[in-house]
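Order of the sequence lines sets the chain letters (A, B, ...), proteins ahead of strands, with each chain counted from 1.
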Amino acid sequence: MLLDHLPALLVAVPLTGAALSFVAGHRRAPHVALVTAAAIVALAVALVARVLDAGPFRYAVGGWTAPLGIDLVADGASALFIVLTAIVGMGVTLYATAYFRTDDETAYGHGLFWTLWLFMWTSLNALFLTGDVFNVYVCLELVGISAVTLVTLSGGAEALRAGARYLYASMLGAMTYLLGVALLYASVGQLDMTILADTLTPDVTAATGLALMIAALVLKTALVPAHFWLPAAHGSAPSPVSAALSSLVVKGSYFVILRLMLYVIPVGYLGGTDVALGVLGSVAIVWGSVQALFQTRIKQLVAYSTVAQVGYLFLVFPLARLGADAFALAVTGVLVHAVSHGLAKAGLFLASGSLMSRFGHDRIDDMRGAARSAPVLTLTVALAGITMMGLPPSGGFGAKWLLVSSALAGGAWWWAAVLVAGGLLAAAYMFRLLAVLLADGDAVLGTPASAPRTEWVPLALAAAAVVLVAAVPLITDLASASNILIRAGVTP
Amino acid sequence: MSGNITTTVTAARLRRIVNRTALLALVWLVVTEADTHSLVPGVPIVIAGAALSLVLSPDSLMAVHPMGALRFVRFFAVQSVLGGVDVALRAIRPSMPLQPAIIRYPLRVTGRWPRVFLTNTISMLPGTLSSRLDDEAIEVHVLDCSRPVMRELADVECRVADLFGSNLPPLEEEGAA
Amino acid sequence: MHVFDILLVGMLIWIAVGSLNQNRLFKSVVMLIIFGLFMAIAWIRLGSPDVALAEAAIGAGVTGALMLDAVGHLRERATPYPLGPEAAEDADE
Amino acid sequence: MIAWVPVAVPALVGLITLMLGETRGRARNAVNLLGAIGSSAVVVSLVRSAYAGDTFTSRIPMLPGLTFGVSTDLLGLLFSAVATVLWGVTLVYAIGYMDHARDRARFFGFFAWCISAANGVALAEDPISLFIFYEVLSLTTYPLVVHNGTPEALAAGRKYLFYALGGGAALLVGVAWLASIAGPTPFTPGGALGAVAGRNNELRAIFALMVAGFGVKAALMPLHGWLPGAMVAPAPVSSLLHAVAVVKAGVFGIIRLVNELYGPELATSLGVATPLALLAAATILISSVIALRQDDLKRRLAYSTIAQLSYITLGTALCSPLAAAGAVAHLAHHAVMKITMFFTAGSVYETLHVKKVSQMPGVARRMPLTMISFAVAAFALAGIPPLAGFASKWLLAAGAAEDGSVWAVLVYVTSGALAIGYMVPVLTSALRPGKHAPAAGPESDPRMLWPIVAVAVLTVVFGLTAGLPGSPTHWAITAIAPSFGGWTP
Amino acid sequence: MSEHRHRTRLLPLTAAMLMLGVIGRAILALPTTGDGLAVPMRAGAEASGIPNVITAVLLDFRGYDTLLEIAVLMLATVAVLSLREDPAALSRRIAGGAGPVLGTLTRALAPIMLLVAGHLVLVGSSGPGGAFQGGAVLGAAGILLMLSGYARPAWASRRAVRWVLAVGLIVFIGVALYPLLSGGTLLQYPPENRKDLILLVEALLTLSIGASLVSLFLASASSTEGGGRR
Amino acid sequence: MTLALQALAVTILLSVAIGIYRIERGPTGTDRMLSAMLFGTSGVALTLVLAELTRLGGLRDMGLTFALLGALTSVAFVKRAWGADD
Amino acid sequence: MSWQWVVDGVSYVLFAASGFFFLAGSVGLVRFPDVYTRLHALTKSDNLGLGLAVAGLSLQSGSWIVALKLLLTWMIVIVAGATACYLVANSARDSEIEPWTGEGR
Amino acid sequence: MTSYLIYVAGGALLYALGTYGLLARRHLIHKVISANLMGSGVFLILIGLGNRAEGGPDPVPQAMVLTGIVVTVALTALGLAIIKRYYSATGLTNLDDEPPAGERP
């Protein structure tokens, strides 16, 4: 009974939480947020169970089914992303209870963190569930505004600068996306993704619209060369925010690309777009990693690592065109990658935040000896690093294995080479960081701004990313229950 | 004695409330073009509007003299047309005859409403534009200082006073500019 | 009515170009305010009174007020800080 | 599930060690020693079962079409037993060596994990599982290499990672490629690739990739560059890296690859064995020559290791049963010989702060028992009968001769001579009188001394018992026989 | 300097021209008629008894969009509030008050604006208007009041104002969830009190939107006195 | 009558176009603001004329809205942005 | 029938006049030399133009209530416009913008 | 040439202009203005193309544009708030110049 309404509740509950946390005022807002987070985790788990049990289902908001109304679509992929968001979200919420202590009256904005954060959570859930291309626009704006504001929350010049840049990228993306929707609607007269998938016929206008939409989403996902806004934004935001941005927000827009490219748009409809995206993804992997290697500040390094990791997400598009086997493997692999990167990157950013508050600065080279005084954080960095390098045994390895297998199954060894090279580059920058932490030195640790109990949160997230390799069968089941694979008629 | 005062105050207040509500109800009718669907929902809105109005200006709006008002409307209509024509012609004519100046006109009317009303009225009249209102005087920018501006202003002030139900003698020919 | 439409759209473009003129920020803001009002008229012409009403309320009211306030703010605080090149650029003309 | 014990126990020990923290040293030592003894016992019992023909296999499903499994076959158990038993010995040594060092929790924790991974490499039932353990081994070794945290250590760690992860990447591609064309391929004596035998070029490429992967840890030239640098690590780590876990994982991978994945026959017919053999031969000669010129004792030992590892590779690549058996036997023999030498080097450094051969005069008088052990190991390494090295080298040379590869016999003989050339100067230098006088008390910390003696004794025992059942030589022959169709010597 | 300028402008110019070309080609390829969803939407609106199709689309068919749109507006308000520099400055911000002329205008116009806002909400179901338009007028009234010096100190850090800002969204969610109790889906208003519910939501939304717009202006308004002296 | 209304609409539009010239010229912000105020009035007229032309009574509400909000911009200018362009 | 003709005729005249005043107001805005004089053009001419248009439209609408509404709109414009003008002129005076007196140019 | 096409063409031009402005203009407020122009351009295209429907304009784009307008206002307000805060912190009005060192209030 209640299970039928899970999609609605997954949006309504955090939204209610956001509104109530605003009314509650800064002292009680964290409690509202924690209760909401717990409820969302429960709902997300229920959704996964339901999807595994009964397959994908649609939810007609307002009782009007598409095309009149807006349908929410819950399938394996959306359930997976929602549960990822729930887990990372819970971690961020717990971590933030110590990070945003609101007894400091001068940091007025910190009291509003909870409201902004719950809005962001709402919008991410909504984005993962929506089946309507215009609704995606509204969700993207919700994500964008909350993300930009959260970036600027610290109020420093750097953060404001990054926030402004992010906002402009966001505006450009949103307007371009809407233009795409306009052209698409003018041509096809439909907004529902499933109906669109069924009715698309070759047409310049529709193709232009879809291309514009994808271009806009690529900008929001920060694929090279549209990544210019990301490092500053993710690097200068408060750490819990960075974690959420890097691990979840880029996945939001990416999820829509995934649905559009592999579910809505027929093969070859947009010419070589899929290969182009794959090439850009490869460039992103190399470029992001090389940039990460030369960063001197810890969060900048992690942010550039996101640029690189986002690149992997786009390799799925060329791989998916290499035949049925490759398709299933690639989609499963990219889902595993999204989840493992989400967990690992959240852990990594939170750990960086704790390191920064312990050291009182963010210069990597002055963090020698951290392994001795902050072993938990060092271990977190190491575990997250393993996942990002794709080394076994970790979720990242599962993803890389599947993607490499997909490439080889499709006979396209060059994509496998890119994947492997990406892992090595990730190792290069991660071990550069780890080497400093492990180096001999007596780091002067400032007063810990975050209570040590929250340092277990990043460790748990990073460990989850490693252990995720054991959950790959579950993710495979979810992938089989995703509309993308069902429509394509393939199973991993 | 004191009870008596209280009663009068209450009565005055009540009258004000009724007046204000009636006025806004009228506005509501006009705004909704007397749509029947809007009558019932209009009740709370008009009450809210009246409440807002009373909070903002608790004192009586204006003791407008009905006949004065009628006279004023006629005067204003004619003058504002004249004002428009005057400035339009000045703008259109190639020679653009302008002789602007700023003059100070000492006020005789009292009370907030009449003074503000006068200030706004002056702006609508031919060739004058009020630019400052202080405790004693209005500063007026005139397009053509060769005209008998002071007399005209005094005339207007009389009419405004008339509107609010008081009398002012016409101004003597002195103290110009 | 094509005359009207073409004139209206032409003015929209003209105003838009004007609002991107870099020499005078204030001019850009006024242009944007007027742009909002013109858009409202355009919506009427496109048979969308609802949109027109919303645009009128927003364009004439809130956006203008926000923009003007921002411009005012940027001028107020100029003195305590060294002027950036942008400010210098604003000052010539 | 019993098959997981050799992997799981050290892993658990490592986890507990890390969680105990820096301060609780006694508990840490107890847990580690108990773990080593316990898993040694389990391994021994597994060996007995394996000899009786009972192998245990256990699999965990992991990715679509991919399981993660271990199997206790005789070949794997040989490596596993070497690693587990020597772990115990090294632990005693390390407890003494690291007595006043910092970060001991980290050290012993990763040490145990390293053993866990090495055991995994030994017992992995298919290339994919092997690859996974191989990568874990790389990762868990890194903190040990950089343990000192000095700039040199960090540089060495960087170099180590560069090679290890590069090799891992090659291995990954090879393994994934194989899986995509052949599906699951559990190791089978004599070869597991019958189904895809026709796709020669692909198989050649996969072979090359895998050799590149294993060759890094096996220090096959030109992939050996990381090894001499990694000497900056504490002595127990050097011992572990260069005698037991890491380098042996590489050659063990090559053994599995040639004998049980491709099979000697296929490897020969594809023409991939000979280039590998030539590469190994070159490595033996070049590194032996380099070893001659090293003054730093640990570096000299490192180049010696490179040469000796290639003995094993060469023996395997010859694809003759005798040579293959000799290679497997040499895997165990070299382990005990080289660990003795590294223990000695560490002990000498820790007690006398002597690092270089030229500084050694007087050491023999100061630390007689230690240097005697070293001498035993050195002679064994040079192939002097009846020590351990002789048995395996004999088999290797005999196999080469039987195969008709006279050049390989020559390589073995030449390198034996070279080994004498680089080992004897160490002994003569130590025997010369020098500034070190005999000590009044014990020559070094007993926790360091007795493990040295123990492994030296093992060297002798392995050589003497070479013909008996249960000795590494006999064990190797038994384990290798199925790959050559039930051949018996 | 000028060369640098040149380079930085070339890329945007190319991008803009490219976009123009792409859009132009796409538009010219369209047929001159195209109904989209107009026909089913009109039929649906007729069936549901809301004469203004757009209101039907906004609140009924695509009410979910509107729910999220309201969330956007509230979010922006919260965002701007979080960005203000010094909460204490709010109380000293609107000092001075209005001169008599502006004050009189405000006193006269504000109640009328309130009426017009109410009117716009009411006519929304049959003609142009609705919660947003009404809210915008209400918000303008509020801003006018603020500019004329009627601001209460510390606006938006007060609990009551927070409630006003949030009540529209909260009630909207409540009404959206209400049908779940009786077996409907999110936002599936029960037919018997659909009109009342919509009106309730619209009324409270108007209030919240108005308050939001005032907050957007007020919270973002400069913390020092502007050039205004009156 | 339609034609007359259309002509009026075009005329008003033209008058605004002339006004825009003042924005271009300036010289002060105040002068530019005057044009915006001008359009407040013209916008009401234009809206009402178009309301009559299109027979959409609802547009009279829009005219009313314009009228009510027109002052807001000027007030905001005077109170908040005075002299921003001088 | 003829009544309608008269109404239409008056409307034409009103509309024409209205257009004239709008144009004249704009011309004044452009031609007049300083802020104060331009304000004159703005307030008077345009408000008159709007008033005439409103009158014409009221005639055309043929409904009292609509005419009243149009009138209300106009009145609001007048009051708001007058106040805005006052505010601008006042600010101009305060910031000591000197009025043009004919000597300058 | 039909009426809607005029507006659609205008919309396309506005969009391109906005893109140019957003990318080429340095001043932050100019960028916000450009985003507004882009938005208006898209809205014009949406509703303009919706006018091709027979029997009156398509209501769906109108509803979409109403939503879009609200979102644009929200974005504008947020953008201006950030700009002001940024300016207070650094004294800069563009993102290209580096903030003066040590300017961290």
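- Residues B:V87 and G:S45 are in side-chain contact: their nearest non-hydrogen atoms beyond the backbone lie under 4.5 Å apart.
- If you measure heavy-atom distances from B:T119 to chain G, the contacts under 4.5 Å come from the side chain alone.
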Evaluate G:K44 against B:D86 for side-chain contact (heavy atoms from CB on, under 4.5 Å), listing each step before the verdict. CA-CA 9 Å; G:K44 298 181 186 78; B:D86 170 63; 5.9 Å; no
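- Interface check for chain G: of the options B:S80, B:S130, B:P126, B:A101, the most heavy-atom pairs under 4.5 Å are formed by B:S130.
- Only the backbone of B:T128 comes within contact range of chain G, judged by heavy atoms closer than 4.5 Å.
- Using a 4.5 Å cut-off on side-chain heavy atoms (C-beta onward), G:Y36 and B:P100 make no contact.
- For B:L133, the parts sitting under 4.5 Å from any heavy atom of chain G are the backbone and the side chain alike.
- In this structure, the portions of B:E33 lying under 4.5 Å from any heavy atom of chain G include both its backbone and its side chain.
- Taking the side chain as every heavy atom from C-beta outward, B:L129 and G:Y86 never approach each other to under 4.5 Å.
- Between G:H40 and B:H141, some side-chain heavy-atom pair lies under the 4.5 Å cut-off.
- Contacts between B:A34 and chain G at a heavy-atom distance below 4.5 Å involve backbone atoms as well as side-chain atoms.
- Using a 4.5 Å cut-off between heavy atoms, B:V85 contacts chain G through both its backbone and its side chain.
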